[in-house]
Enquirer: 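My questions will all concern the structure given below.
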Amino acid sequence: MASDMEFDSRKALSLYFSGEHEALSALFVDHLERLKGICIVKADQGVLGLINGFCQTLGYLFSQPDFVIQRDLASKLIVCNELIGNLFAMSAFKTSDAFLESILPASPTNIAKILTLYSPRNHLKLETRTFLDLDVHLTTIWYYNFSGATHAYLANRHTLERIQDHYNYLDPRLATLTIYVNHVYFAITYICPEMNARVKYHINNIVRNALGGAKITNVPNPDKKRIAILTDRWFPGHVVYRNYYRFIKELAQDYELILIGYSGAKSVDHHLDKSLFAEVRYFTVDGGAIALEAFQNNDFHAAIFVDVGMSLESIIAANLRIAPVQVVMNGHPVSTFGAEVDYLVGSGENYKPHDPDTEFSERLVLVPGLGTVPTPPNGKPRYVPRERSTVYINCPWTAQKTNYHHLMLLRKMQEQAKNKKIKFHFFPLLTITKNNAYWNYQKALMDIFGEEHAHVFRVQNEEYLQEMVYGDFMIESAPFGGFNSVLDTLYLSRPVLTLEGRYQYSRFGSRILARAGLEELITHTEEAFIAKGVQLIDDEDYRNALAFRIGQLDLFQMLYDQDESHYYKLAMDHLLTHHETLRKEPKRSPIFITPHAEKEKGPAEIAL
């Protein structure tokens, strides 16, 4: 690994002094691209020396007033912003502030260098408005790259607050569609829920402007009921597939389904499960060109968007009128907030009757149950008893869900517990290896809990469950809670502690626990959450009693074998039958698909 990290500083200096600035810029780009593929877990003095050397050379040469980055290479350097911020954080410099201060006096000619170095890790505070006044195009690339950076930033108070503050300035000039807008669209719910609607409306406007009023020709097939299923993640093992396979399978009984995948699906075509589909198409965006052939002249009756926000194509597709009825699934994107989507089919069990317009731009269609019919993991991992007195607490959170404020509640548990032999196990999955984020993510956790009290696993799928089985209990993430992680933990016969929140995505864990008869593990205030965590840490008999109770539960009957998938099909039947009436209704009250009524009550409520 060390050899891959070596940077030829002598060559860089030689290129600078000989005036070969384009070659120098390309040298930096090549090295940074190589570093993207390296995950530093532990940094010895040799590795730190290489990082110090690179940061020093980069900072020194960027500080030279006559070194100007060529425009065709500027964007390639700017998109390395997160990586460079992480490298500086590992170095003796900690941030690039000192170098930025020397660059700023000549900012009009140095805007590319400033945007390359200025990340959420900096303490120096610069204004996005000033950058836009100098260069709208480069600033737009930087803005969405900066605000979508979540791999190592959210566990640290300073960087989390810098990104949240960054979202507060949403200039109309940030209007160019780039491949990075989906990073922001996906991340905003985790980082700044109160800005969710504003940011997504802004991005949807960008997409529609880029589409330039493009129209899709649609004539529903009079002989076959055809539904397009749009997803980038339809392969076994992925959470999207686990959650929605049984719903889609139910639809396939009466509808002809067409799978429309995006670039991610196309790249793993051989892994896709095509068994439920009469046809497979791909919609991709290549180099900014939006080709709509997958949609044109279609005969779909409906389009179902399974995972909006996980790719740029998914956001673009959701802003097209592909079919008369367009539906988004429960989960991501929570709400599209202003895309061309009519309905969100969600959980009646998780619904609370405050004004849904504050959380959704789509009209809610509420089906009985959790809004998803999960698929259990494949087999139980083998448990080998270990001699230990430490309490292991599982935190199976993606990096986006690992936020500083929730971590501080765990820190209070640690401080208040009598048992000081505690270790928090974090499972951010392999996304944490991107942009050299792992080392900084782990350091942020160790800074909070202490080096001996936090460990980050780089595992997924089967390996993930094999490590999870050694945890004594799990703490659910917040405010964006878990779903499959909660199910997996109960499957392993371990308790789960939740802090129920305001948003529907903050309540799925508690709804699962309520189904399992474990309401005592659902908390509603931070004080109760901390107190229950302390009890779980200190009272081994209580933990064991809970684990025994969970082990006696028939989870398959409670959670996995609930025959709720047919409710989703009935919801789609209802929407296709009554859409014209529903869309003319002045009120957008939720549509309930209820199993208790004896007859159909009309378009607003269907009886089963």
Side-chain angles (χ1 to χ4, degrees), residues 5-36 38 48-128 130-146 149 153 159 162 166 180 435-436 440:
M5 294 188 62
E6 289 182 1
F7 179 71
D8 195 340
S9 294
R10 289 187 178 183
K11 182 177 180 180
L13 292 167
S14 175
L15 290 172
Y16 167 68
F17 286 116
S18 62
E20 298 178 67
H21 293 181
E22 185 172 359
L24 174 57
S25 299
L27 183 68
F28 282 129
V29 170
D30 290 344
H31 186 67
L32 290 165
E33 287 296 325
R34 187 163 62 251
L35 291 181
K36 284 181 180 180
I38 297 174
L48 290 176
L50 293 173
I51 292 172
N52 283 333
F54 173 70
C55 290
Q56 184 175 28
T57 303
L58 179 74
Y60 168 74
L61 292 175
F62 270 44
S63 301
Q64 304 309 306
D66 60 335
F67 171 43
V68 177
I69 299 170
Q70 283 63 38
R71 194 165 186 82
D72 60 330
L73 291 171
S75 60
K76 293 182 179 181
L77 284 168
I78 290 168
V79 298
C80 294
N81 179 280
E82 181 183 1
L83 170 61
I84 292 170
N86 287 334
L87 290 171
F88 267 96
M90 293 183 69
S91 75
F93 300 100
K94 301 306 176 188
T95 76
S96 59
D97 281 346
F99 299 110
L100 278 169
E101 287 176 339
S102 66
I103 297 170
L104 285 172
S107 56
T109 57
N110 287 330
I111 183 66
K113 293 188 284 188
I114 293 170
L115 297 176
T116 299
L117 293 181
Y118 187 51
S119 78
R121 296 209 177 273
N122 290 97
H123 292 278
L124 192 67
K125 190 166 184 180
L126 306 176
E127 297 293 333
T128 301
T130 303
F131 298 157
L132 285 166
D133 291 342
L134 294 170
D135 194 310
V136 171
H137 175 69
L138 292 181
T139 301
T140 300
I141 294 171
W142 165 82
Y143 181 91
Y144 291 112
N145 197 66
F146 184 109
Y153 287 161
T159 49
R162 287 300 296 271
H166 185 71
Y180 302 101
N435 288 324
N436 194 32
N440 288 286

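Computed from a prediction, not measured in an experiment: that's the story for all the values here.
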Enquirer: If you compare all heavy atoms of Ala26 against all heavy atoms of Leu73, which two are closest, and at what distance to 0.1 Å?
Expert: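 The answer is N-CD1, 3.8 Å.
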Enquirer: Roughly how far apart are Leu126 CG and Leu100 CG, rounded to 0.5 Å?
Expert: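 Rounded to the nearest 0.5 Å, the CG-CG separation comes to 6.5 Å.
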Enquirer: Tell me if the centroids of the rings in Phe54 and Phe7 come within less than 6.0 Å of each other.
Expert: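 Yes - the distance between ring centres of Phe54 and Phe7 falls below the 6.0 Å cut-off.
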Enquirer: May I ask you to test the His21-Ile69 pair for a side-chain heavy-atom distance under 4.5 Å?
Expert: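 Not touching, per the 4.5 Å side-chain cut-off.
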Enquirer: Please tell me if the side chains of Leu124 and Leu104 come closer than 4.5 Å, counting only heavy atoms from C-beta onward.
Expert: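 Answer yes - side chains close enough.
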Enquirer: Please find the pair of heavy atoms, one from Pro65 and one from Asn110, that lie closest to each other, and give the distance.
Expert: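 The pair with the smallest heavy-atom distance is O-OD1, 4.3 Å.
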Enquirer: If I take atom CE from residue Met5 and atom CD1 from residue Ile51, how far apart are they, to the nearest 0.5 angstrom?
Expert: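 Here the rounded value is 4.0 Å.
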Enquirer: Tell me, with the steps shown, if Trp142 and His166 meet ring-ring contact (aromatic ring centres under 6.0 Å, His included).
Expert: CA-CA 11 Å; Trp142 165 82; His166 185 71; 5.2 Å; yes
Enquirer: Would you indicate whether the side-chain heavy atoms of Tyr60 and Leu13 approach each other to under 4.5 Å?
Expert: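 Leu13 vs Tyr60: side chains touch.
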Enquirer: Out of curiosity, Leu134 CG to Ile111 CD1, how far, rounded to the nearest 0.5 Å?
Expert: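 Leu134 CG to Ile111 CD1: 5.0 Å, rounded to 0.5 Å.
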Enquirer: Search all heavy atoms of Ile78 against all heavy atoms of Ala112 and return the closest pair with its distance.
Expert: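 It is CG1-O, 4.0 Å.
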Enquirer: Could you tell me whether Gln64 atom CD has more than 12 heavy atoms of other residues or ligands within 6.0 Å of it?
Expert: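 Yes - once you tally the heavy atoms of other residues, nucleotides and ligands closer than 6.0 Å, there are more than 12.
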Enquirer: Going through the distances and angles, do Asp72 and Glu22 end up as a side-chain contact (heavy atoms from CB on, under 4.5 Å)?
Expert: CA-CA 9 Å; Asp72 60 330; Glu22 185 172 359; 4.1 Å; yes
Enquirer: Please report the closest heavy-atom contact between Ser63 and Gly59, naming both atoms and the distance.
Expert: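 In terms of heavy atoms, the two residues are closest at OG-O, 2.6 Å.
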Enquirer: For Phe28 and Phe62, I'd like to know if the aromatic rings sit close, meaning centre-to-centre distance below 6.0 Å.
Expert: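 Judged by ring-centre distance (under 6.0 Å), Phe28 and Phe62 do meet the cut-off.
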Enquirer: For His31, enumerate each residue passing the side-chain hydrogen bond (donor to acceptor under 3.5 Å, both in side chains) test, keeping only those at least two apart in sequence or located in another chain.
Expert: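 In terms of side-chain hydrogen bond (donor to acceptor under 3.5 Å, both in side chains), with neighbours along the sequence ignored, His31 is linked to Arg34.
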Enquirer: With side-chain contact (heavy atoms from CB on, under 4.5 Å) as the criterion, how do Asn436 and Leu35 come out once you've worked through the C-alpha distance, each side chain's angles and the decisive distance to 0.1 Å?
Expert: CA-CA 7 Å; Asn436 194 32; Leu35 291 181; over 6 Å; no
Enquirer: Output, in order, the C-alpha distance, side-chain angles, deciding distance and verdict of side-chain contact (heavy atoms from CB on, under 4.5 Å) for Lys113 and Phe67.
Expert: CA-CA 9 Å; Lys113 293 188 284 188; Phe67 171 43; 4.1 Å; yes
Enquirer: Asp8: which residues meet the side-chain contact (heavy atoms from CB on, under 4.5 Å) condition with it, sequence neighbours left out?
Expert: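 In terms of side-chain contact (heavy atoms from CB on, under 4.5 Å), with neighbours along the sequence ignored, Asp8 is linked to Arg10, Lys11.
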Enquirer: Quick one: does any side-chain atom of Ser102 pair with a main-chain N or O of Phe99 as donor and acceptor, under 3.5 Å?
Expert: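 Here the side-chain-to-backbone pair exists.
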Enquirer: Decide yes or no for Asn81 and Pro120: does some side-chain heavy atom of the first lie under 4.5 Å from some side-chain heavy atom of the second?
Expert: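 They are in side-chain contact.
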Enquirer: Is the side chain of Ser119 donor-acceptor paired with the backbone N or O of Gly85 at a distance under 3.5 Å, no angle test?
Expert: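 Absent.
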Enquirer: Using 0.5 Å steps for rounding, measure from the CG atom of Leu115 to the CG atom of Leu77.
Expert: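 With rounding to 0.5 Å, CG (Leu115) is 11.0 Å from CG (Leu77).
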Enquirer: Hey, could you give me the CD1/OG1 distance between Ile141 and Thr139, rounded to the nearest 0.5 Å?
Expert: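 So the CD1 of Ile141 and the OG1 of Thr139 are separated by 9.0 Å.
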Enquirer: Using a strict threshold of under 4.0 Å (side-chain N to carboxylate O), is an ion pair present between Arg71 and Asp135?
Expert: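 Salt bridge between Asp135 and Arg71, a charged N being under 4.0 Å from a carboxylate O: yes.
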Enquirer: Could you report the tightest heavy-atom contact between Glu33 and Cys80, atom names first, then the distance?
Expert: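 Residues Glu33 and Cys80, closest heavy atoms: OE2-SG, 4.4 Å.
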Enquirer: Nearest 0.5 Å, please: how far is CG in Asn435 from CD1 in Ile38?
Expert: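 Here the rounded value is 12.5 Å.
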Enquirer: Output, in order, the C-alpha distance, side-chain angles, deciding distance and verdict of side-chain contact (heavy atoms from CB on, under 4.5 Å) for Leu27 and Leu15.
Expert: CA-CA 9 Å; Leu27 183 68; Leu15 290 172; 4.1 Å; yes
Enquirer: When the side chains of residues 87-96 are checked against the rest of the protein, which donor-acceptor pairs come out under 3.5 Å, sequence neighbours left out?
Expert:
residue : atom : partner : partner atom : Å
Ser91   : OG   : Phe88   : O            : 2.7
Ser91   : OG   : Phe93   : N            : 3.1
Lys94   : NZ   : Ser91   : O            : 3.4
Thr95   : OG1  : Asp97   : N            : 3.1
Thr95   : OG1  : Asp97   : OD2          : 3.3
Ser96   : OG   : Leu117  : O            : 2.9
Ser96   : OG   : Asn122  : ND2          : 3.0

Enquirer: Verify side chain to side chain donor-acceptor pair (under 3.5 Å) between Tyr16 and Asp66, making sure each step is shown before the conclusion.
Expert: CA-CA 9 Å; Tyr16 167 68; Asp66 60 335; 2.6 Å; yes
Enquirer: So which atom in Val136 and which in Thr140 form the shortest heavy-atom distance, rounded to 0.1 Å?
Expert: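 Shortest heavy-atom contact: O-OG1, 2.7 Å.
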